[in-house]
Amino acid sequence: LRSGFEASDLFAFLILPFLALVMGIVWRFVLTIAVQREEMHLGEAELSRLASDASEAAAANMQALIDDVRVESENALQAIVHGQHIGDAQALEFAVLEEGIRDRIRSPQLRHPLLDKFVQAARERGVRVLLLGSESSAETPMEDLLANAVAAIIAEASEGSVTIRAIPKAKDAAISVLVRTSENTRRYSFSR
């Protein structure tokens, strides 16, 4: 205005940058909304994919468990289906088999080859062995040192009951073992 341009020339000169500024602000606003929506949809798609993968993995694990149980229990079920006489020895064998299958389902984190062997042997001796899992520790496999310590206690049991319990991670101990006999009750606790 000071240099003598007319208002119409000045308006014509400034209207394009002003429109560009307004269009830039509008475009940024629209793009921000579009990107937020895209991120939300991608997030939902990723969550859906992760849930689907987890579901497939769980189904595969469950099918593997069912297949293992089918193989283990086939002889026992065939004996029952064919009406074979089941004596005391075979009834004990079936009970040990059933308890082992229940352990797989209820407390997989207490599974260890050495511990499985000693638990089965104790059950075959007539000792009642109960394994109680903890969902918060389900992802952690049992360490060899811990399995050896628990197996040593189970090996000493000749009567009564042994209860092995996985303790949630928030606690100091990892496993507690309760041994009950006709004479006394002892409780052992093992740290992680």
Side-chain angles (χ1 to χ4, degrees), residues 1 5-77 97-117 119-120 129-151 163-178 189-192:
L1 289 172
F5 287 103
E6 292 183 23
S8 62
D9 290 340
L10 187 60
F11 180 76
F13 179 72
L14 293 178
I15 191 68
L16 289 177
F18 179 74
L19 286 176
L21 177 67
V22 170
M23 286 301 295
I25 292 170
V26 170
W27 186 244
R28 184 173 193 278
F29 179 73
V30 169
L31 280 180
T32 300
I33 292 173
V35 167
Q36 286 174 345
R37 286 186 179 169
E38 184 67 19
E39 286 176 347
M40 184 179 70
H41 290 305
L42 288 176
E44 290 173 358
E46 183 65 16
L47 287 175
S48 176
R49 186 188 65 77
L50 289 173
S52 175
D53 290 350
S55 176
E56 289 174 10
N61 286 342
M62 187 56 67
Q63 188 59 48
L65 175 64
I66 290 170
D67 293 343
D68 289 347
V69 167
R70 182 177 293 129
V71 168
E72 279 184 42
S73 62
E74 186 171 0
N75 291 337
L77 294 175
L97 174 66
E98 181 267 333
E99 289 170 347
I101 290 169
R102 189 178 322 132
D103 292 343
R104 281 181 171 206
I105 295 167
R106 186 174 46 206
S107 48
Q109 70 277 23
L110 292 176
R111 301 289 314 268
H112 187 280
L114 177 68
L115 192 58
D116 290 347
K117 183 175 93 173
V119 166
Q120 181 176 352
V129 181
L130 178 64
L131 275 63
L132 301 173
S134 167
E135 292 200 14
S136 67
S137 60
E139 69 280 353
T140 309
M142 182 180 283
E143 298 288 331
D144 292 341
L145 187 62
L146 191 55
N148 284 328
V150 175
T163 302
I164 304 166
R165 179 177 164 244
I167 299 174
K169 285 192 174 210
K171 307 289 183 179
D172 291 334
I175 291 181
S176 73
V177 180
L178 183 69
S189 186
F190 297 96
S191 66
R192 298 190 191 289

| field | Polar side-chain atom of T32 near backbone of R28 as donor-acceptor pair, under 3.5 Å | value | yes
Atom [atom1] of [X] and atom [atom2] of [Y]: how far apart are they, to the nearest 0.5 Å?
X    : Y    : atom1 : atom2 : answer
F11  : L16  : CZ    : CG    : 9.5 Å
E143 : F190 : CD    : CZ    : 14.5 Å
S73  : D68  : OG    : CG    : 10.5 Å
E98  : D103 : CD    : CG    : 9.0 Å

Where [X] and [Y] come nearest, the two heavy atoms and their spacing:
X    : Y    : answer
L97  : E72  : CD1-OE1, 3.7 Å
Q109 : M142 : O-CB, 3.9 Å
I175 : A166 : CG1-CA, 4.5 Å
S191 : L146 : O-CD1, 4.3 Å
S107 : L131 : OG-CB, 3.3 Å
L132 : L110 : O-CD1, 3.5 Å

| request: Kindly indicate, with the supporting measurements, whether the criterion side chain to side chain contact (heavy atoms under 4.5 Å, CB included) is fulfilled by D144 and L114. | output: CA-CA 8 Å; D144 292 341; L114 177 68; over 6 Å; no
| request: Test side chain to side chain contact (heavy atoms under 4.5 Å, CB included) on R111 and L115 and set out the steps. | output: CA-CA 7 Å; R111 301 289 314 268; L115 192 58; over 6 Å; no
| remark: R165 meets the salt bridge (charged side-chain N to carboxylate O under 4.0 Å, His left out) criterion, sequence neighbours left out, with none
| Counterpart residues, salt bridge (charged side-chain N to carboxylate O under 4.0 Å, His left out), relative to R49 (two or more places apart) | E46, D53
| query | Is L47 atom CG crowded by more than 12 heavy atoms from other residues, nucleotides or ligands, each under 6.0 Å away? | reply | yes
| task | Decide if atom CE of M23 counts as having more than 12 heavy atoms of other residues, nucleotides or ligands within a radius under 6.0 Å. | result | no
| Do Q120 and D116 have a side chain donor and acceptor closer than 3.5 Å? | no
| said: Measuring only between side-chain heavy atoms, which start at C-beta, is D67 closer than 4.5 Å to V71? | reply: no
| message | Within the structure provided, determine whether V69 and L65 are in side-chain contact (heavy-atom separation under 4.5 Å). | response | yes
